[in-house]
There are 2 protein chains.
Amino acid sequence: MTMPTDEELAALGAAFDLFARRYKLAEALGPEKPLNELDKQILSYVAKNDGCGPTDIARYLGVANTTVSSATDRLVKRELLRRQRPEADRRAVALHLTPAGEGRVAALQAMYGELHRRMLAPLDAEERRQMIAMMAKVANDDA
Amino acid sequence: MTMPTDEELAALGAAFDLFARRYKLAEALGPEKPLNELDKQILSYVAKNDGCGPTDIARYLGVANTTVSSATDRLVKRELLRRQRPEADRRAVALHLTPAGEGRVAALQAMYGELHRRMLAPLDAEERRQMIAMMAKVANDDA
DNA sequence: GGAAGGTATCACGAACTTCGTACTATTCAA
DNA sequence: TTGAATAGTACGAAGTTCGTGATACCTTCC
């Protein structure tokens, strides 16, 4: 394939930087005491993979098992997450969101949705369609 | 403007999640002892804004002044950053990269560049051009 | 059945990070 | 020339990550 130029790559990097910074600043605004990065990622993962175990999460996020264990403790104490011992394998732990946890995830997703909506605002309908198609193509390539 | 659909927004969010995760996992690979997130962002900021002060950085990144001060200490101890008292205003501190710091930033940028290059790989030249144009348009809107 | 070995998780503690409070040094303004 | 404002830092409390070691459970192979 023809290589993208360095300028193109730099533009891409600058855009990602900007988005990441906006994410972070937007998150500071919510009314609740903000969750840290890991905790948010864990809640989102459990929302998408109900009943998963701590080890799945640790592998997925690239952190130590014990770190997920600590984070799970935090989230259980805050009543956002629930541990359950499945009868099938009683070493394991299946994680589920509590109703409060579901509410929190919904709020997070609403915030992200709003951020993305605003991000797309300067594009017209056709451009937006194109951009999302590219992103999907890139993401689904899954290299 | 016509609103993007929820599916479109979800696709966008999934793509960003994926990219963020790839960033994090890629960074764990380098040979050096990895810098934490804040330290990397500080180095990058100083690379683009040579001679800036801690308070500029704190405002830009949305963290406390004292946090930047601690991080600056770390980076000075690791000899990636250098403090300098400008004669013009002797309360202030001007930050500069050391040669080692410049090397570190170059390595980081090379890694990001490679990641972005690989991200663009599944697109053909025309699509890539489009995608980068969209990203630039969105980023420059600067809302 | 039972011992050996592997797996999933947690308890604990060390090292590190963030950030609020209080302080110093310097500049600005009247 | 003081008094207020500004840039930065020292210190300490609270919280986070992760390695080590312990516990409970499952599986396999005699």
Side-chain angles (χ1 to χ4, degrees), chain A residues 20-21 23-25 27-29 32-43 45-46 49-96, chain B residues 20-21 23-25 27-29 32-46 49-78 80-96:
Chain A
R21 226 161 48 82
Y23 268 87
K24 200 167 292 180
L25 297 180
E27 277 158 3
L29 295 181
E32 318 264 3
K33 184 170 53 157
L35 296 167
N36 72 25
E37 193 54 35
L38 179 64
D39 293 1
K40 276 180 299 190
Q41 286 176 324
I42 289 177
L43 285 186
Y45 185 88
V46 174
N49 302 87
D50 187 59
C52 65
T55 303
D56 301 326
I57 300 177
R59 250 200 310 274
Y60 181 76
L61 297 177
V63 298
N65 279 355
T66 51
T67 303
V68 174
S69 187
S70 306
T72 303
D73 273 355
R74 276 198 296 278
L75 292 168
V76 168
K77 270 194 205 95
R78 293 182 206 176
E79 307 196 346
L80 298 172
L81 214 56
R82 188 164 54 78
R83 282 189 173 101
Q84 179 218 338
R85 290 269 172 198
E87 271 310 305
D89 182 346
R90 302 238 314 277
R91 294 169 301 183
V93 163
L95 297 171
H96 307 280
Chain B
R21 225 160 51 79
Y23 269 85
K24 199 168 292 178
L25 296 180
E27 278 158 3
L29 295 182
E32 319 264 2
K33 184 170 53 155
L35 296 166
N36 71 28
E37 194 54 35
L38 178 64
D39 294 1
K40 278 179 299 191
Q41 286 176 324
I42 289 177
L43 285 187
S44 295
Y45 186 86
V46 174
N49 302 86
D50 187 59
C52 65
T55 303
D56 301 327
I57 300 176
R59 251 199 308 274
Y60 182 76
L61 297 177
V63 297
N65 279 355
T66 51
T67 302
V68 174
S69 190
S70 306
T72 302
D73 272 355
R74 276 199 295 278
L75 292 169
V76 168
K77 269 197 204 93
R78 292 181 206 177
L80 299 171
L81 215 55
R82 189 164 53 79
R83 282 190 173 99
Q84 180 218 338
R85 288 267 172 202
E87 272 311 305
D89 182 346
R90 302 234 318 274
R91 294 169 302 183
V93 162
L95 298 172
H96 307 279

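Lettering of chains follows the sequences in order, A, B, ..., and the numbering in each one begins at 1.
Protein atom CD of B/Glu37 is 15 Å distant from nucleotide atom C1' of D/dT16, rounded to whole Å. B/Asp73 places its CG atom 15 Å from the P atom of D/dG12, with the value rounded to the nearest Å. Rounded to a whole Å, the NZ atom of B/Lys77 is 12 Å from the P atom of D/dT9. The distance between atom CD1 of B/Ile57 and atom C1' of D/dT9, rounded to the nearest whole Å, is 15 Å. D/dC18 atom P lies 11 Å from atom CG of A/Asn65, rounded to whole Å.
Comparing D/dT17, D/dC25, D/dG8 against the side chain of A/Asp89 picks out D/dC25 as the nearest. The side chain of A/Asn36 lies closest to D/dT16, out of D/dT9, D/dT16, D/dC18.
Looking at heavy atoms from C-beta onward, A/Asn49 lies out of side-chain contact with A/Ile57 at the 4.5 angstrom threshold.
Smallest separation of non-hydrogen atoms from A/Val93 and A/Pro54: O-CD, 3.8 Å.
The nearest heavy atom of DNA chain D to A/Pro86 and to A/Ala71 marks one nucleotide each, and the one closer to the 5' end goes with A/Ala71. Remark on DNA chain C: of its neighbouring residues A/Ser70 and B/Asp39, the 5'-side contact belongs to A/Ser70, judged by nearest-heavy-atom nucleotide. Positionally, the nearest nucleotide of DNA chain D for B/Asp56 lies more toward the 5' end than for the other of A/Leu38 and B/Asp56.
Within the 4.0 angstrom heavy-atom criterion, no nucleotide atom of any strand lies near B/Arg85. Across all strands shown, A/Thr55 has heavy atoms under 4.0 Å from sugar-phosphate atoms exclusively, and none from any base. Within 4.0 Å of B/Val68, counting heavy atoms only, lies no atom of the nucleic acid at all.
Side-chain atoms of B/Arg21 come within 3.5 Å of backbone atoms of A/Tyr60 as a donor-acceptor pair (strictly under, hydrogens ignored). In terms of modelled atom types and a separation under 3.5 Å, the side chain of A/Arg82 and the main chain of A/His96 share no donor-acceptor contact.
Legend: residues meeting side-chain contact (heavy atoms from CB on, under 4.5 Å) with A/Ala64, ordered by chain and number and at least two apart, are A/Thr66, A/Thr67.
Reading DNA chain C from its 5' end, the first and the last nucleotide to sit under 4.0 Å from a heavy atom of chain A are C/dG6 to C/dA11.
Rounding to the nearest 0.5 angstrom, the gap separating the CD1 atom in B/Ile42 from the OG1 atom in B/Thr72 is 5.0 Å. Going from atom CZ of B/Arg74 over to atom CG of B/Leu81 covers 11.5 Å, rounded to the nearest 0.5 Å. For the atom pair CD of A/Gln41 and CG of A/Leu35, the computed distance is 11.5 Å after rounding to the nearest 0.5 Å.
Annotation: A/Gln84, atom CD; neighbour count of heavy atoms from other residues, nucleotides and ligands within 6.0 Å is above 12.
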Kindly give the atom pairs (protein nitrogen or oxygen, nucleotide nitrogen or oxygen) under 3.5 Å for nucleotides 20-24 of chain D.
none

